[in-house]
Number of protein chains: 2
Amino acid sequence: MRALRHPNAGEIELTRVLHALSDPVRLDVVRQLDHEGEATCAALDCGRPKSSMSHHFRVLRDAGVVRTRSDGAAHMNVLRREELDRLFPGLLDAVLAAR
Amino acid sequence: MRALRHPNAGEIELTRVLHALSDPVRLDVVRQLDHEGEATCAALDCGRPKSSMSHHFRVLRDAGVVRTRSDGAAHMNVLRREELDRLFPGLLDAVLAAR
DNA sequence: TCGTAAGTTCGATAAGTATCGAACATTCGA
DNA sequence: TCGAATGTTCGATACTTATCGAACTTACGA
């Protein structure tokens with residue numbers, strides 16, 4: 001598959017991260033990734049079609065919240081935990097801790 | 001002036017708060033409120049017309065980030081610090097600490 | 001190599017949002 | 001009571017976003 005673009009740490013902006021997290025579907029994805037550690041897009045569908053999920057993953061990727069790597073035909077996604085924690089200490093923890 | 005609606009603490013939703021904070025203008029307002037403690041809308045204009053700022057204050061109010069009270073002809077705004085800290089511990093701190 | 005699976009991209013649509021000027025309402029002071 | 005100041009509301013516009021089906025690409029296994 002084509003290479004997926006990721007911002008490097010220095011390009012990650014707070015407002016974009018907040019916006020990425022402000023959607024219920026994407027927040028659910030982030031919660032699951034935090035719990036599962038790593039997952040394919042298909043595994044995290046929220047009952048939505050592939051094209052919708054692909055869109056949400058792209059928003060998360062573009063914001064720097066998620067890193068995606070190819071694994072055969074699948075895409076494995078992980079939270080960019082360490083980088084986000086370094087850039088915005090406590091932010092992800094606070095968001096994930098919220099009931 | 002007409003009474004301004006505020007959600008009570010139980011109605012405040014994380015995604016709405018994150019969305020409210022995901023705009024540069026509003027984030028700037030929140031930063032200033034955190035620093036100043038209390039301020040009128042006019043004092044926080046970011047070079048934008050009143051109608052634009054009024055819109056942003058409304059988004060912040062509706063999300064539960066800000067509380068507005070009338071003080072004569074002016075509106076005084078404060079962060080809903082305690083309630084937000086109780087609902088989403090560490091969130092506001094993390095957002096405000098970000099460089 | 002043929003089919004299946006996994007995602008992306010495209011195109012269309014509907015809904016939401018930011019922006020601003022102008023008009024309006026409210027408060028207070030001269 | 002008249003005017004100035006403070007915000008809100010309205011209306012219009014442009015932009016962004018969420019949503020989905022369909023077509024496409026890539027990878028892998030039978």
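Quantities reported herein were computed from a predicted structural model and do not represent experimental measurements. By convention in this document, chain letters (A, B, ...) are assigned in the order of the sequence lines, proteins followed by strands, and residues within each chain are numbered from 1.
- One N or O on the side chain of B/N77 and one on the backbone of B/A39 form a donor-acceptor pair closer than 3.5 Å.
- The distance between atom CE of A/M53 and atom P of D/dT17, rounded to the nearest whole Å, is 17 Å.
- Rounded to an integer number of Å, the gap from B/H55 NE2 to D/dG7 P is 17 Å.
- Contacts with DNA chain D (heavy atom under 4.0 Å) in residues 14-30 of chain A: A/H19, A/D23, A/R26, listed by number.
- Counting to the nearest Å, the C1' atom of D/dT9 and the NE2 atom of B/H75 are 13 Å from each other.
- With B/R67 as the fixed residue, the salt bridge (charged side-chain N to carboxylate O under 4.0 Å, His left out) test singles out one of B/E83, B/E38, B/E82: B/E83.
- Considering only the side chain of B/S51, D/dC10 comes nearest among D/dC10, C/dT27, D/dG21.
- Atom NE2 of B/H56 is separated from atom P of C/dA18 by 6 Å (rounded to the nearest Å).
- Between the side chain of B/S22 and the backbone N or O of B/H19, at least one donor-acceptor pair lies under 3.5 Å.
- For the side chain to side chain donor-acceptor pair (under 3.5 Å) with B/D28, the lone residue among B/R31, B/Q32, B/R26 that qualifies is B/Q32.
- Remark: B/S52 is in phosphate contact with C/dC20, judged by side-chain N or O atoms under 4.0 Å from OP1 or OP2.
- The phosphate of C/dG7 has neither OP1 nor OP2 within less than 4.0 Å of any side-chain N or O from A/S54.
- Considering only side-chain atoms of B/C41, the nucleotide from C/dG7, D/dA22, D/dG7 that sits closest is D/dG7.
- Atom CE of B/M76 is separated from atom P of C/dT27 by 17 Å (rounded to the nearest Å).
- Look at CZ on B/R5: it is 14 Å from C1' on D/dT9, rounded to the nearest Å.
- Atom CZ in A/F57 sits about 18 Å away from atom P in D/dT17, given to the nearest Å.
- We find that NZ of B/K50 is positioned 18 Å from C1' of C/dA18, with the value rounded to whole Å.
- The residue among B/A42 and A/R48 whose nearest nucleotide of DNA chain D lies closer to the 5′ end is B/A42.
- Of all nucleotides listed (D/dT8, D/dT9, C/dC20), D/dT8 comes nearest to the side chain of B/R61.
- No donor-acceptor distance shorter than 3.5 angstrom exists from the side chain of A/H75 to the backbone of A/C41, with no hydrogens or angles considered.
- For D/dG7, one of the phosphate oxygens OP1 or OP2 lies less than 4.0 angstrom from a side-chain nitrogen or oxygen of B/T40.
- Between A/D85 and A/R80 no salt bridge is recorded (no basic side-chain N to carboxylate O distance below 4.0 Å).
- At least one donor-acceptor pair closer than 3.5 Å links the side chain of B/E11 to the backbone N or O of B/N8.
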